[in-house]
Amino acid sequence: MTNQVSKPAIKWAYERASEQPAHAMAVRMMRWVLIVLVLPALLASCASSREAVDDYGSAALHGIGALTLIDLPSIPEKPVIAVPHFTKEGYDVSIVAGSGGGLLFSATYLIVEAAPRLDFRTGKPLEATDNYVIPIADSTGKSSNMIGNMEEGRLQSVALFRGHANPSSQNEEPLLAIATRTLDDRNKPSPVRIVVYELRPRLRYWQRGRTNILSTFVPVAEWQAARQYCDASDALRRVFALSVNRTHDCELSK
Amino acid sequence: MSRTHGWSGERIVQGLVAAMSLNFLSAVAQDEDANSAAKRRIAHSSFIPLPGLVNEIPRFAKDGSGARIVNVCSADGRHLYVVTQLEEIGNFIEEPSGKHPIEQRIIPIRDNAGVETDTITALDSGVVQKVAFLRANLDHGNDADQVIFVTANRVVAKMTELAPVDFVVYRYQSEPIIDGELIFFAPFVSWQSSGNYGSASDALEKAFGVKIGPEENCTGGP
């Protein structure tokens, strides 16, 4: 049955093709190519523009919720801000701000935990406290003491929160978010990468015969914002649906 | 038997003499270290204590402006310092009010290769090291009342060993650029102590003729 139907159809198509000039055939082929290649791209573009709208509050999609923003120090009016009971163990932190890297717009922060000194023989806390800088680890295990440094060709914005790093957690936890924008052109929008860090509780370990303390911000979620931004802090503001101090005056992408 | 005893006595005496000689030599070497900083154009030093998290340091720069030194412990138990200074920026962006914005700039540390870091800490070679901020006269008084810092690192694997100490002195410098000046710390002079020391602080006190006090490990107990 199939053969009976298809054979005349093929014959008809062959005859039609041989009747038409070569350029008409090429036009017809191009039409099909356009339908096959360009249409999916257009559809993807539409989907992308929908995602761009969805950047607002999109942190929740990555398991980050119920955020309370903590003010960061302003430079130089108030270079140090104390945040009581910030860590999971209830210790206070001080956030110290400066601007470094020899470049403009590079707010730099140290997050310092006031924690008891430990008796190196027993590992038990003593009355005296020390100011321990809380390092920020990357996914490879490397850590740095300062955050917000402007890397070459990039611009960062920093926000400190209390919130939930996973949907099952009941209590608000200390969180840090860093948005990094690829800075190809200061006046053009570019992609922004968001990394959210959770404050790991203090671990005590022995090294070279003494007790060391390690409170560390470790990455718990990382994603790229759907739309492009002209300012990393604009991306933070949109993704976390919060007000974040701007670090760079730059025309927002239309 | 008595012969054996005689040998032992002789050995003990030899050992005592050797130990006394070493002590004597060490004492002579430590005497050589006394005020050895002065021989390197660093005179009239005074120690700048940093008891708090953020310490205000008056008369830091040559124009009389102050600075802040942040003193914290790193996760591996070493002291870590950040020096900031209020600085007018943006000479090329004139404010309508005529005022320039002011920033609290971190003063970086530039090594001899030109590489810069924002934090100051002693080397981590497994022993308690020391960084000390001092006020001193440099270059035979031509550069008076300058804030410097010294890193003192004991070249030793064990805490209990006596060992020589490496000093590196950094001075505050500025470099003119088109729209202002760059400020940074750069090495001024470095040397190794002649004597052996049980702590970097002892060596610093000897070389600079200042009272620094005992070293404190950030995580150490009493």
Side-chain angles (χ1 to χ4, degrees), chain A residues 73-80 82 94 96-108 110-135 137 143-146 149 202-205 207-216 249, chain B residues 50-54 56 67-93 101-110 116-119 121 124-128 157-160 175 177 179 182-184 216-222:
Chain A
S74 61
I75 308 168
E77 291 82 11
K78 206 171 182 185
V80 185
S94 297
V96 185
S99 62
L103 295 164
L104 296 177
F105 312 118
S106 55
T108 301
L110 281 174
I111 303 176
V112 183
E113 178 185 14
R117 189 179 292 180
L118 295 180
D119 185 325
F120 67 92
R121 286 164 301 203
T122 63
K124 288 182 179 171
L126 300 165
E127 274 188 28
T129 57
D130 272 323
N131 293 307
Y132 298 95
V133 67
I134 302 176
S143 64
S144 60
N145 290 315
M146 301 172 98
N149 274 338
R202 283 160 30 107
L203 295 177
R204 299 185 174 94
Y205 64 97
Q207 186 185 49
R208 301 187 194 106
R210 68 183 188 221
T211 309
N212 277 344
I213 299 170
L214 194 68
S215 288
T216 311
D249 285 327
Chain B
L50 304 170
L53 169 66
V54 179
E56 301 285 344
R68 294 184 175 113
I69 303 179
V70 182
N71 173 11
V72 289
C73 298
S74 63
D76 59 2
R78 289 182 289 157
H79 283 277
L80 188 146
Y81 305 93
V82 180
V83 186
T84 66
Q85 191 181 16
L86 293 178
E87 185 194 355
E88 278 190 353
I89 60 160
N91 290 347
F92 52 92
I93 309 169
I102 293 176
E103 287 265 297
Q104 178 167 284
R105 305 289 291 168
I106 293 172
I107 305 176
I109 300 93
R110 187 182 289 187
E116 287 188 354
T117 54
D118 285 341
T119 55
T121 186
D124 182 19
S125 56
V127 289
V128 177
K158 283 184 188 170
M159 187 104 165
T160 49
E175 192 175 275
I177 52 174
D179 58 328
L182 287 176
I183 49 174
F184 54 92
E216 274 195 357
N217 189 322
C218 283
T219 55

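Every chain is numbered from 1, with letters handed out A, B, ... down the list of sequences. Reckoned from all heavy atoms, side chains included, excluding hydrogens, waters and symmetry mates.
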Engaged part of A/Val96 at the chain B interface, taking heavy atoms whose separation is under 4.5 Å: side chain

A/Ser94 (side chain) donor-acceptor with A/Val112 (main chain) under 3.5 angstrom: no

Side chain, backbone, both or neither of A/Ala114 within contact of chain B (heavy atoms, under 4.5 Å): neither

From B/Cys73 atom SG to B/His79 atom NE2, the distance as rounded to the nearest 0.5 Å: 5.0 Å

Interatomic spacing from CZ in B/Arg110 to CD1 in B/Ile183 - rounded to 0.5 Å: 11.5 Å

Region of A/Leu110 in contact with chain B, defined by heavy-atom distances below 4.5 Å: side chain

Under 4.5 Å from a heavy atom of chain A, the part of B/Leu80 involved: side chain

Separation of B/Tyr81 OH from B/Thr119 OG1 (nearest 0.5 Å): 12.0 Å

